[in-house]
Q: 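Here it is, the structure, as structure tokens.
Both ligands and their constituent atoms are indexed starting at 1 by order of listing.
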Amino acid sequence: MNPLRSLILAAADNDAVRRAVAGAPVSRDVVRRFVAGETTADAISATRALVADGLSVTLDHLGEDTRDRATAERTVGAYLELLDLLHAEGLARHAEVSVKLSAVGQALGEDAALTGASRICAAAEQCGTTVTLDMEDHTTTDSTLRVLAELRRTWPSVGAVLQAYLRRTGDDCLALAGPGSRVRLCKGAYAEPADVAFASPHEVDLNYVRCVNALLAGDGYPMFATHDPRLVEIVGERARWYGREPGTYEHQMLYGIRPVEQTRLAAQGHVVRVYVPYGRQWYGYLMRRLAERPANSAFFLRALATRS
Ligand SMILES: Cc1cc2nc3c(=O)[nH]c(=O)nc-3n(C[C@H](O)[C@H](O)[C@H](O)COP(=O)(O)OP(=O)(O)OC[C@H]3O[C@@H](n4cnc5c(N)ncnc54)[C@H](O)[C@@H]3O)c2cc1C
């Protein structure tokens with residue numbers, strides 16, 4: 001892994017660094033580039049603008065690593081409020097929600113996460129939309145897939161996320177490529193040990209392509225989450241090879257990253273879904289985005305330097 005990337009991901013867990021970055025005046029501008037805003041109203045207006053451009057949306061209420069029941073409850077409440085508003089504004093057909101189980105209480109026990117996620121899935125169904133469970137670091141993969149399987153017994157449309165950097169993911173793709181199964185494939189955003197994850201970008205890309213093939217060959221609905229121009233092209237080529245029409249799979253990208261490419265693909269008739277994060281807990285999310293492109297991290301290094 002790029003040493004600056006490892007440094008940023010390691011520093012992301014440090015409280016002093018967190019305070020320095022959150023307080024740095026330049027942070028606001030960087031945050032605005034990647035995060036739709038702090039409130040539900042901000043999330044709705046970003047969604048409305050993207051939908052007007054022919055894009056679909058998945059909304060993430062920022063927050064992770066919830067350690068107490070009150071915070072987990074507030075997170076579930078935020079999603080319920082968001083879903084109500086999406087429905088009221090006529091946006092639910094174009095916008096679903098992405099949920100991190102750690103935000104709804106996975107650390108308090110799998111049952112807590114299942115209960116919280118179930119309430120969000122029930123509300124999403126009532127509002128005419130769906131839920132995708134984000135995937136977090138590898139220590140949570142088995143638990144997240146167990147909760148997914150349980151949720152799908154009632155709500156078969158709940159989406160999974162698989163990370164191409166994990167060595168296990170080829171097998172997970174085969175297991176989750178069944179009829180109707182919505183699976184987002186991404187590279188993976190966490191610092192992982194070499195015994196569970198491929199270390200070199202080349203190996204991750206190769207595994208991504210293997211997984212693209214496995215998902216397109218199956219009967220599910222794959223969602224290819226990457227900004228990588230080469231992989232976007234390979235997805236298009238493999239989709240044609242497997243006889244997949246646009247609409248039987250989709251592209252996904254993050255809010256604020258390659259927006260021109262997002263609208264270009266949509267104009268060609270592809271389904272393109274933009275992952276829109278919002279809320280006050282933007283720190284962990286922002287650090288992962290900066291770690292992916294250390295070239296954009298000058299502000300982060302300045303914040304560190306002014307501390308010392
Ligand atoms: C919709 C969506 C949902 C996600 N959900 C999860 C999740 O649940 N769990 C998880 O671990 N990770 C998730 N991720 C993050 C993902 O794992 C990667 O960390 C992230 O997408 C960066 O990988 P990449 O495929 O874009 O390629 P990278 O290897 O980061 O970049 C490859 C190439 O893409 C282009 N590119 C990348 N970023 C930019 C940029 N800012 N501007 C211009 N070009 C750029 C460049 O050409 C670059 O060389 C998600 C990503 C997306 C898009």
Q: Counting heavy atoms only, which part of R184 comes closer than 4.0 Å to ligand 1: side chain, backbone, both or neither?
A: side chain

Q: Which of the atoms of ligand 1 are close to D134, meaning less than 4.0 Å from one of its heavy atoms?
A: 8 (O)

Q: Say you draw a straight line from CG of L265 to CD of E250; how long is it, rounded to the nearest 0.5 Å?
A: 12.0 Å

Q: For ligand 1, which atoms have a heavy atom of Y275 less than 4.0 angstrom away?
A: 1 (C), 3 (C)

Q: Distance from M287 atom CE to E292 atom CD, nearest 0.5 Å?
A: 12.0 Å

Q: Which ligand 1 atoms does G188 reach within 4.0 Å, using its non-hydrogen atoms?
A: 11 (O), 16 (C), 17 (O), 19 (O)

Q: Between E64 and R288, is the closest basic N to carboxylate O distance under 4.0 Å?
A: yes

Q: Should one rank M135, E136, E192 by closest heavy-atom distance to atom 7 (C) of ligand 1, which comes out on top?
A: M135

Q: Short list, please: which atoms of ligand 1 are under 4.0 Å from a heavy atom of A225?
A: 1 (C), 2 (C), 52 (C), 53 (C)

Q: State the atoms of ligand 1, each with its element, that fall below the 4.0 Å cut-off from a heavy-atom position in Y190.
A: 11 (O)

Q: Grouping I, L, V, M, F, W and Y whenever their side-chain heavy atoms are under 4.5 Å apart, do V272 and I234 come out in a common cluster?
A: yes

Q: For the backbone of G178 and the side chain of S181, can you confirm whether one donor and one acceptor N or O come within less than 3.5 Å of each other?
A: no

Q: List ligand 1 atoms under 4.0 Å from Q252, heavy atoms only on the residue side.
A: 1 (C), 53 (C)

Q: Using heavy-atom distances, let me know which of H227, H251, K187 sits nearest atom 21 (O) of ligand 1.
A: H227

Q: Taking the six-membered ring of F224 as reference, does the cationic atom of R184 (NZ for Lys, CZ for Arg) lie under 6.0 Å from its centre and within 45° of its axis?
A: no

Q: Any side-chain to backbone donor/acceptor pair from D228 onto R230? Under 3.5 Å, distance only.
A: yes

Q: Measure L254 to ligand 1 on non-hydrogen atoms and call it side chain, backbone, both or neither using the 4.0 Å cut-off.
A: both

Q: Answer side chain, backbone, both or neither: which part of R258 comes under 4.0 Å from ligand 1, heavy atoms only.
A: side chain

Q: If you measure from each heavy atom of R289 to ligand 1, is any distance below 4.0 Å?
A: yes

Q: Please report whether ligand 1 has a polar contact with M253, defined as an N or O pair separated by less than 3.5 Å (distance criterion only).
A: no

Q: Quick check on R168: does its CZ atom have over 12 non-hydrogen neighbours (other residues, nucleotides or ligands) under 6.0 Å away?
A: yes

Q: Counting distance only, does the side-chain N/O of T263 pair as donor-acceptor with the main-chain N or O of P259 below 3.5 Å?
A: yes

